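Side-chain atoms are counted along with the backbone in the values below, which use heavy atoms only and exclude waters and symmetry mates. Each chain gets a letter, A, B and so on, in the order the sequences are listed, and its residues count up from 1. Everything numeric in this text was worked out from a predicted model, so none of it was measured.
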Amino acid sequence: MSNQQVKITLPDGSVREYEKGVSGLQIAVSISEGLARNVLAAKVNGEVWDASRPILQDSSVQLLTWNDKEGKSTFWHSSAHLMAEALESLYPGIKFGIGPPIENGFYYDVDFGDKPLEGAELEQIENKMLELARQKNDYIRKDVAKKDAIAYFKEKGDEYKLDLLEGLADGSITFYEQGNFVDLCRGPHIPNTGFIKAAKLLNIAGAYWRGDEKNKMLTRIYGITFPKAKELEEYLHMLEEAKRRDHRKLGRELELFTFSEKVGMGLPLWLPKGTLLRERLVAFMKRAQDKSGYQQVTTPHIGHKVLYETSGHYEKYGKDSFQPIHTPNDGEEFLLKPMNCPHHCEIYKHKPRSYKDLPIRYAEFGTVYRYEQSGELHGLTRVRGFTQDDAHIFCRPDQVKEEFIKVIDLVLYVFKALGFEDYTAQISLRDPDNKEKYIGTDEAWNKAEASIIEAAAERGLETVTELGEAAFYGPKLDFMVKDALGRKWQLGTIQVDYQLPERFQLEYIGSDNQKHRPVMIHRAPFGSLERFVAVLIEHCAGNFPLWLSPEQITILPISEKFIEYAEQVKSILEDSDITGAIDNRDEKIGRKIRDAEVKKIPFMLIVGEKEQQEGMISVRKHGEGDLGAMRPEEFVSYFKGIIREAIAH
RNA sequence: GCCGACGUAGCUCAGGGGUAGAGUACUUCCUUGGUAAGGAAGGGGUCACGGGUUCAAAUCCCGUCGUUGGCUCCA
């Protein structure tokens with residue numbers, strides 16, 4: 001074979017020969033014109049390259065389009081450059097920090113000197129971007145010697161790029177140029193600006209240079225772009241929908257929870273309906289846990305400081321927590337409990353344990369308090385007091401994997417029952433280069449990490465692995481769910497822990513009559529009830545599954561003459577644990593229906609003369625309309641059937 | 001915690017150096033009704049809080065608190 005040819009392996013496994021120096025774009029042309037029009041970049045041997053970059057050796061090549069995650073991020077990275085070009089032309093002399101793509105769009109950090117950017121100017125920048133995009137300027141890659149790069153940015157007076165250059169080795173430095181804009185950049189980029197057809201700058205925020213508050217604050221401009229105007233419209237529509245579903249808004253409107261300045265920031269007050277919702281979630285989880293061999297325990301809201309010193313939490317988090325509570329006389333110090341595990345360890349210790357007793361699974365809906373940074377508080381998703389659906393499994397080392405798998409099954413059952421069909425799992429391991437952040441021996445860590453990886457594999461979970469994301473005492477498996485709008489939320493967590501049993505000197509007597517150390521598994525399928533409720537609200541837009549709905553029905557008498565009959569119906573339903581109220585206001589039926597629809601009550605039961613005479617109720621379903629008349633008993637069994645189906649295994 | 005924006009009735013918001021406004025919700029009355037808003041009247045606000053400027057501050061300035069968009073952090 002001639003050495004002027006390269007073999008290109010495509011994702012479908014086929015191998016084609018091209019002339020040496022062929023580009024991704026040329027390969028695309030040889031496959032189909034449509035692909036050639038859409039190709040944004042090429043993945044060459046696992047590395048994303050410019051579509052125009054020559055390929056000099058045999059390679060496996062994947063052509064990236066808007067449909068690929070990496071295609072999108074290349075597109076947005078190039079869009080950041082386009083925005084920078086627009087900014088530079090509108091505000092000459094500004095300096096640039098970094099401008100990376102992010103999950104949805106991109107940002108660029110910019111130093112505008114002393115004149116701050118106003119929100120109203122964003123539209124002007126968008127227009128300039130689109131104007132520049134229409135010029136279809138190529139993104140041109142250039143290798144640059146370090147000294148030339150430094151000279152360029154010295155001349156320009158951009159100290160941020162000079163700062164970045166310091167960390168780069170000569171020979172690996174590239175510039176990208178499009179139109180009149182040149183930027184230090186590793187790339188890759190899309191072929192030309194013409195691919196960018198729609199742009200929206202979303203918001204402006206401050207961000208410190210290199211994320212360090214000792215440095216100057218730059219103006220960060222967030223934006224998003226699309227290859228089709230219609231996709232931008234859809235995206236903006238999705239943002240509107242997200243706003244409509246915001247749990248803070250729905251929580252207020254549906255009277256689930258509230259906050260009070262007087263009580264304190266980040267401390268939610270659960271209203272009666274919200275409390276009912278919580279209680280239903282708790283009952284559901286308790287039932288599932290009972291079936292899986294858990295036992296409920298109850299522990300106080302405070303504990304001796306010594307307890308948390310023993311666990312290691314005080315050393316790690318004490319300074320940033322709520323400060324200790326001092327007793328009046330004898331200098332004792334108590335902490336508001338920031339987690340339940342130390343208490344559960346002490347319960348384990350209250351009597352000698354045999355290997356035959358294990359595993360022991362202690363569960364508690366324990367309310368914990370953490371002094372989260374004020375700037376981080378957000379609705380119910382980030383609060384200072386919250387209730388975990390916590391449990392700790394104490395088991396023998398040989399039981400770890402089996403127990404871990406059982407917990408995975410429980411988590412998946414919970415997600416399914418609550419309508420989270422789309423989830424991913426993340427294995428969080430310790431950062432091997434930063435071991436001093438963690439407590440415990442290498443041996444224990446290796447064992448713990450191995451059992452998580454094996455258990456996840458055994459259940460066929462699709463996982464991503466993140467180094468450095470472990471808790472300080474052990475590795476974990478976190479579950480991320482995707483909600484109805486495709487947004488990801490971290491919920492459940494499972495953690496293997498060899499450290500706390502050591503620190504609390506937990507023991508059991510083995511079959512060899514010797515003392516052994518049990519292993520702990522921490523787990524919380526919801527994570528916290530607060531966060532879970534928030535995610536659930538946004539997922540279902542406030543239209544809760546029937547079995548969770550705090551107001552499952554409302555009875556709507558046609559006029560006050562039928563209130564008495566409504567009471568009779570209500571008492572029949574109450575006997576079957578169906579909750580709801582009678583709307584006995586002096587309003588017409590149309591009004592009552594409208595209000596019940598707005599309140600997202602699943603069923604409206606209309607009673608008037610006809611129903612009273614025949615002993616029936618007219619059933620109207622939220623969002624669907626009239627289902628016709630039924631006897632109350634018929635409705636009860638229809639209702640129960642829906643619930644049975646929803647939470648069946 | 002840091003930077004920016006915001007804070008007027010329960011909610012959504014208008015106004016703006018000199019009697020505080022709307023819609024909706026609430027109360028009362030009329031109406032007794034058939035599947036997404038019947039009519040009328042009425043009550044309700046120290047314009048977040050504390051200072052300052054001014055003859056006069058809800059309005060301008062400063063501070064505090066809170067909310068919010070980010071940054072940093074998250075057992």
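- Residue side chain A:Tyr473 fails the stacking definition with respect to B:A75, as its ring centre and the base's six-membered ring centre are not both under 5.5 angstrom apart and under 30 degrees in plane angle.
- Taking the C1' atoms as reference points, B:A14 lies 10 Å from B:G23, given to the whole Å.
- As rounded to the nearest Å, B:A58 and B:C49 have P atoms that lie 10 Å from one another.
- Looking at heavy atoms from C-beta onward, A:Gln388 lies in side-chain contact with A:Val368 at the 4.5 angstrom threshold.
- Within 4.0 Å of A:Gly375, counting heavy atoms only, lies at least one base atom of the nucleic acid.
- Taking 3.5 Å as the limit, the base of B:G34 and the side chain of A:Glu611 contain a donor-acceptor pair of atoms between them.
- A:Arg531 comes within contact range of no nucleotide atom at all, as no heavy-atom separation falls under 4.0 Å.
- Among the heavy atoms of the strands lying under 4.0 Å from A:Arg252 are primed sugar atoms or P, OP1, OP2 only; no base atom is included.
- Note on A:Arg210 versus A:Asp212: no salt bridge recorded, every NZ/NE/NH1/NH2 to OD/OE distance being 4.0 Å or above.
- Nucleic acid contact for A:Ile589: sugar-phosphate only, since backbone atoms but no base atoms lie under 4.0 Å from a heavy atom of the residue.
- Nucleotide B:U35 holds its P atom 19 Å from the NE2 atom of A:His622, rounded to whole Å.
- If you check every strand for non-hydrogen atoms under 4.0 Å, A:Glu315 touches nothing.
- Using a 4.0 Å heavy-atom criterion, one finds that A:Ser311 contacts no nucleic acid atom at all.
- Checked against the 6.0 Å centroid threshold, A:Tyr473 and A:Tyr438 do not count as a close aromatic pair.
- Within 4.0 Å (heavy atoms only), A:Asn203 reaches sugar-phosphate atoms of the nucleic acid but no base atom.
- One N or O donor and one acceptor, one from the side chain of A:Asp586 and one from the base of B:U31, sit under 3.5 Å apart.
- A:Met265 comes within contact range of the sugar-phosphate backbone alone, with a heavy-atom separation under 4.0 Å but no base atom that close.
- Residue contacts for A:Lys610: at a heavy-atom cut-off of 4.0 Å it reaches a base atom on one of the strands shown.
- For B:U67, its base never sits under 3.5 Å from the side chain of A:Glu261 at any donor and acceptor pair.
- Counting heavy atoms of neighbouring residues, nucleotides and ligands inside a 6.0 Å radius, atom CD of A:Gln490 exceeds 12 of them.
- Using a 4.0 Å heavy-atom criterion, one finds that A:Lys316 contacts no nucleic acid atom at all.
- A gap of 11 Å separates the C1' atoms of B:U24 and B:A9, to the nearest Å.
- Among the protein residues, A:Glu253 comes within range of no part of the nucleic acid, since none of its heavy atoms lies under 4.0 Å from any strand.
- Across all strands, A:Tyr222 comes closer than 4.0 Å only to sugar-phosphate atoms, never to a base (heavy-atom distances).
- With both ends at atom C1', the span from B:C73 to B:C61 equals 35 Å, rounded to whole Å.
- If you take atom P in B:G10 and the same atom in B:U46, they sit 9 Å apart, rounded to whole Å.
- Using a 4.0 Å heavy-atom distance criterion, A:Gly608 is classed as a base contact.
- Separation of the C1' atoms belonging to B:A5 and B:G44 is 30 Å when rounded to the nearest angstrom.
- Among the atoms of the strands shown, only primed sugar atoms or phosphate atoms (P, OP1, OP2) are found under 4.0 Å from some heavy atom of A:Arg220.
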*Can A:Phe472 and A:Gln499 be said to form a side chain to side chain contact (heavy atoms under 4.5 Å, CB included), step by step?*
CA-CA 9 Å; A:Phe472 74 94; A:Gln499 321 305 334; over 6 Å; no

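- The nearest whole Å value for the distance from the NE2 atom in A:His313 to the P atom in B:C74 is 13 Å.
- Look at CD on A:Glu469: it is 9 Å from P on B:C74, rounded to the nearest Å.
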